[in-house]
Number of protein chains: 2
Amino acid sequence: MKAKVHVTLKRGVLDPQGKAIAHALQTLGFAGVEDIRVGKVIELQLTSADETAARAEVEAMCTKLLANTVIEDYAIELVA
Amino acid sequence: MKAKVHVTLKRGVLDPQGKAIAHALQTLGFAGVEDIRVGKVIELQLTSADETAARAEVEAMCTKLLANTVIEDYAIELVA
């Protein structure tokens, strides 16, 4: 089973990487950009074929390692 | 208009960040992980309301700055 974990900064948390990209795009002449936020996608190939077990395992991975839950939100998407 | 750009490493390109995460998860006791690949999501808030124009602009941003097309693939998703 495959899982995708989307890790994004919470609202209100400053995103310096996004600000840097927005500035670089403006320098390149792209004027129509208001705001940019950058997140991560972690694609996991799991041995488990059971959806409930896989979701619980990925949930545990997120809280323990993949996301910093103080400043980041995560969303889990399972692909059969 | 909002756009999401998914930037992922091409198949066959080594992903040291993914390998490091997989190793860390195994150290933490998660045995059911076969492979991990890490990508980026860039969320852009655009002033343009026209979908065709927005897509063309984001496409240009991708080739010029957001993705390294030698080793990375990108996918554009527009949200009204």
Side-chain angles (χ1 to χ4, degrees), chain A residues 1-11 15 17-67 72-75 77-79, chain B residues 1-11 15 17-67 72-75 77-79:
Chain A
M1 176 161 274
K2 240 179 156 176
K4 273 192 188 185
V5 176
H6 299 256
V7 180
T8 47
L9 282 170
K10 289 188 183 192
R11 264 162 201 267
D15 181 357
Q17 195 184 356
K19 288 266 176 290
I21 294 175
H23 184 73
L25 284 173
Q26 267 151 23
T27 309
L28 286 171
F30 295 104
V33 180
E34 278 177 1
D35 190 40
I36 293 190
R37 309 231 356 129
V38 183
K40 269 178 293 186
V41 188
I42 302 157
E43 289 181 27
L44 304 103
Q45 182 67 51
L46 304 167
T47 49
S48 167
D50 177 52
E51 193 170 325
T52 319
R55 187 174 288 277
E57 201 181 10
V58 176
E59 186 85 35
M61 290 176 198
C62 286
T63 52
K64 282 195 185 156
L65 182 77
L66 302 181
E72 289 171 333
D73 286 325
Y74 61 86
E77 186 190 328
L78 290 176
V79 191
Chain B
M1 178 161 273
K2 240 179 154 175
K4 273 191 188 186
V5 177
H6 299 257
V7 180
T8 48
L9 282 171
K10 290 189 182 191
R11 265 163 200 266
D15 182 359
Q17 195 184 357
K19 287 266 175 287
I21 294 175
H23 183 73
L25 284 173
Q26 268 152 24
T27 310
L28 286 171
F30 294 103
V33 180
E34 277 177 0
D35 189 40
I36 293 190
R37 306 221 14 119
V38 183
K40 269 179 290 186
V41 188
I42 302 158
E43 289 180 27
L44 304 104
Q45 182 66 53
L46 304 167
T47 49
S48 167
D50 176 52
E51 194 170 323
T52 319
R55 188 174 288 275
E57 201 181 10
V58 175
E59 186 84 36
M61 290 178 199
C62 286
T63 50
K64 282 196 187 157
L65 182 79
L66 302 181
E72 289 171 332
D73 285 325
Y74 62 87
E77 187 189 327
L78 289 177
V79 191

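Proteins get letters first, then strands, A, B, ... in listed order; numbering begins at 1 in each.
The candidate from A:A31, A:A54, A:S48, A:G32 with the greatest count of non-hydrogen atom pairs under 4.5 Å with chain B is A:G32. Contact count versus chain A (heavy atoms, under 4.5 Å) is highest, among B:V33, B:V7, B:V58, B:L66, for B:V33. Contact count versus chain A (heavy atoms, under 4.5 Å) is highest, among B:K40, B:K2, B:E57, for B:E57. Contact tally against chain B (heavy-atom pairs below 4.5 Å) for A:I42, A:I21, A:L25: the top residue is A:L25.
Distance check, rounded to the nearest 0.5 Å: OG1 of B:T47 to CG of A:D35 gives 12.5 Å. A:M61 contributes atom CE, which lies 6.5 Å from atom CD1 of B:I36 (distance to the nearest 0.5 angstrom).
Using a 4.5 Å heavy-atom cutoff, the side chains of B:V41 and A:V38 are not in contact.
In the displayed structure, A:E51 atom CD is contacted under 6.0 Å by at most 12 heavy atoms of other residues, nucleotides or ligands. Annotation: B:K10, atom NZ; neighbour count of heavy atoms from other residues, nucleotides and ligands within 6.0 Å is above 12.
In this structure, the portions of A:L44 lying under 4.5 Å from any heavy atom of chain B include both its backbone and its side chain. Looking at B:A60, both its backbone and its side chain come within 4.5 Å of chain A, counting heavy atoms on both sides.
Between A:T8 and B:E43, the shortest heavy-atom contact is CG2-OE2, 4.1 Å.
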